[in-house]
Amino acid sequence: MSGRIPLSLPVLSQQDMRRVSARQEAEQMIWRDAPGSGSTAHFQGQALVVEPGVFPPKADSRLLYEALDLAPGTALLDMGTGSGALAVLGALAGARPVVALDINPAAVRNAKLNARRLKLGAAVEVRLSDGLAALRPDERFDVIAANLPGRNQPAADLVAAAQWDSGFKTHKAFFAQAANHLVPGGRVVMVKANYPEINEALALAEAAGFTPEVLAEEAMPGGDPRTYYVLGFSRD
């Protein structure tokens, strides 16, 4: 599937969603209990540190990065940066300026660490932010990369909030504000699994004046029932 899409996409069954919930709860326990020194994740040929309590780069991160197609000089905003994977890889590709946002203080520290390790400290600005709140009103970007928590489910802490968006508040605020931080012709690129909430996200985007497009899709292997879609959103 590619090109302009309807307002809805096929989604997982309730049975598959129960399997996903069990998988995500197990992942969150692993992230909380990670050793104090963290772990190493290999992403697009770079070794990145992933500290305890921080969402690691996974298949969805790879798909999102590959769809960004960044040219040198592209102004990039990485919304929900986690370990900083998209921000630092974008900076290595020549994107400037690069701003990375996350609500989790551990993720902000982690992204700054990875930027320093790759000698990108001056090229990547990492900010603690609830959604887009830390942006100045006049800041505009060519590309906003958004790997938002995928599900409308209560999150008990910031670790769970990397996957679950309580009341879909982050999505609602993001689509209400994103256009204010795009240059003319700028675009939002977002990765979403085929949870039922993907259609709520599409509806929010269209209500905010964005035109959605499927840029890529990939079914997950190994018994994982999810399919990830990379979605592009532009405004006429």
Side-chain angles (χ1 to χ4, degrees), residues 1-28 30-31 40-48 50 54-71 74 76-90 92-93 95 143-153 162-165 170-171 174 187-206 210-234:
M1 178 184 295
S2 63
R4 179 76 184 267
I5 59 177
L7 195 60
S8 63
L9 288 167
V11 298
L12 293 172
S13 66
Q14 290 186 352
Q15 180 179 3
D16 281 337
M17 289 302 298
R18 286 192 290 270
R19 293 167 59 197
V20 168
S21 292
R23 183 186 291 260
Q24 290 183 326
E25 289 166 2
E27 287 174 337
Q28 292 165 20
I30 291 170
W31 300 336
T40 300
H42 294 277
F43 183 72
Q44 299 296 109
Q46 297 293 332
L48 303 177
V50 181
V54 176
F55 187 91
K58 301 169 62 179
D60 54 342
S61 307
R62 171 182 56 80
L63 287 167
L64 178 54
Y65 178 75
E66 291 172 350
L68 294 180
D69 192 25
L70 297 172
T74 299
L76 172 66
L77 174 65
D78 179 13
M79 169 66 189
T81 193
S83 65
L86 296 181
V88 298
L89 266 294
L92 287 172
V143 177
I144 299 176
N147 194 354
L148 304 183
R151 300 178 58 193
N152 185 353
Q153 182 162 316
Q163 294 180 312
W164 300 341
D165 183 8
T170 300
H171 285 76
F174 176 82
R187 59 199 172 98
V188 173
V189 184
M190 180 178 289
V191 63
K192 305 298 293 179
N194 56 336
Y195 309 135
E197 291 89 344
I198 193 173
N199 292 320
E200 186 175 353
L202 288 170
L204 288 170
E206 291 215 348
F210 286 97
T211 299
E213 179 183 9
V214 172
L215 303 177
E217 67 175 289
E218 185 174 307
M220 294 296 99
D224 186 335
R226 290 174 288 190
T227 294
Y228 281 106
Y229 292 92
V230 183
L231 305 173
F233 299 98
S234 59

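Residue numbers start at 1 and run along the sequence shown.
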Main-chain N/O of L9 paired to N199 side chain as donor or acceptor, under 3.5 Å: yes
Scanning both residues in full, the closest heavy-atom pair of A205 with F233 reads CB-CE2, 3.4 Å
Taking all non-hydrogen atoms of both residues into account, name the closest pair between V50 and A41 and its distance. CG2-CB, 3.8 Å
Here the pair of heavy atoms bringing A146 nearest to F174 is CB-CZ, 4.0 Å
In terms of heavy-atom contacts, W31 and V54 come closest through CG-O, 4.3 Å
Among E197, Q24, Q163, find the one that has a side chain to side chain donor-acceptor pair (under 3.5 Å) with R151. Q24
Provide the closest heavy-atom pair for G90 versus L70 in the form atom of the first, atom of the second, distance. CA-CD1, 3.6 Å
Please enumerate all residues that pass side chain to side chain donor-acceptor pair (under 3.5 Å) together with R187, with sequence neighbours excluded. none
Flag the pair F55 / E27 as yes when at least one side-chain heavy-atom distance between them is below 4.5 Å, and no otherwise. no
Using side-chain heavy atoms (C-beta onward) and a distance below 4.5 Å, is L204 in contact with F210? no
From the list V191, V188, V214, L64, side-chain contact (heavy atoms from CB on, under 4.5 Å) with L231 holds only for V214
Taking atom CH2 of W164 and atom OG of S21, what is their separation to the nearest 0.5 Å? 6.5 Å
Separation between CG (L76) and CG (L86), nearest 0.5 Å, reads 7.5 Å
Within-4.5 Å side-chain heavy-atom neighbours: E218 and R62: yes
Taking C-beta and beyond as the side chain, do P10 and N194 meet within less than 4.5 Å on heavy atoms? no
Look up atom CD in E66 and atom CG in L89, then write down how far apart they are to the nearest 0.5 Å. 10.5 Å
Side chain to side chain donor-acceptor pair (under 3.5 Å) filter on D165, not counting sequence neighbours, yields T170, H171
Nearest 0.5 Å, what's the NZ-OH distance between K192 and Y229? 13.5 Å
Under a 4.5 Å cut-off applied to non-hydrogen side-chain atoms, are R226 and R23 in contact? yes
Between atom CD of E206 and atom OG1 of T211, what is the distance when rounded to the nearest 0.5 Å? 7.0 Å
Shortest non-hydrogen contact from G223 to R19? O-NH2, 2.6 Å
Would you compute the distance between atom CG of L12 and atom OG1 of T227 and round it to the nearest 0.5 angstrom? 7.5 Å
Do Q44 and P57 come close enough that some side-chain heavy atom pair is under 4.5 Å? no
Are I198 and V11 packed together at the side-chain level, in the sense that at least one heavy-atom pair is separated by less than 4.5 angstrom? yes
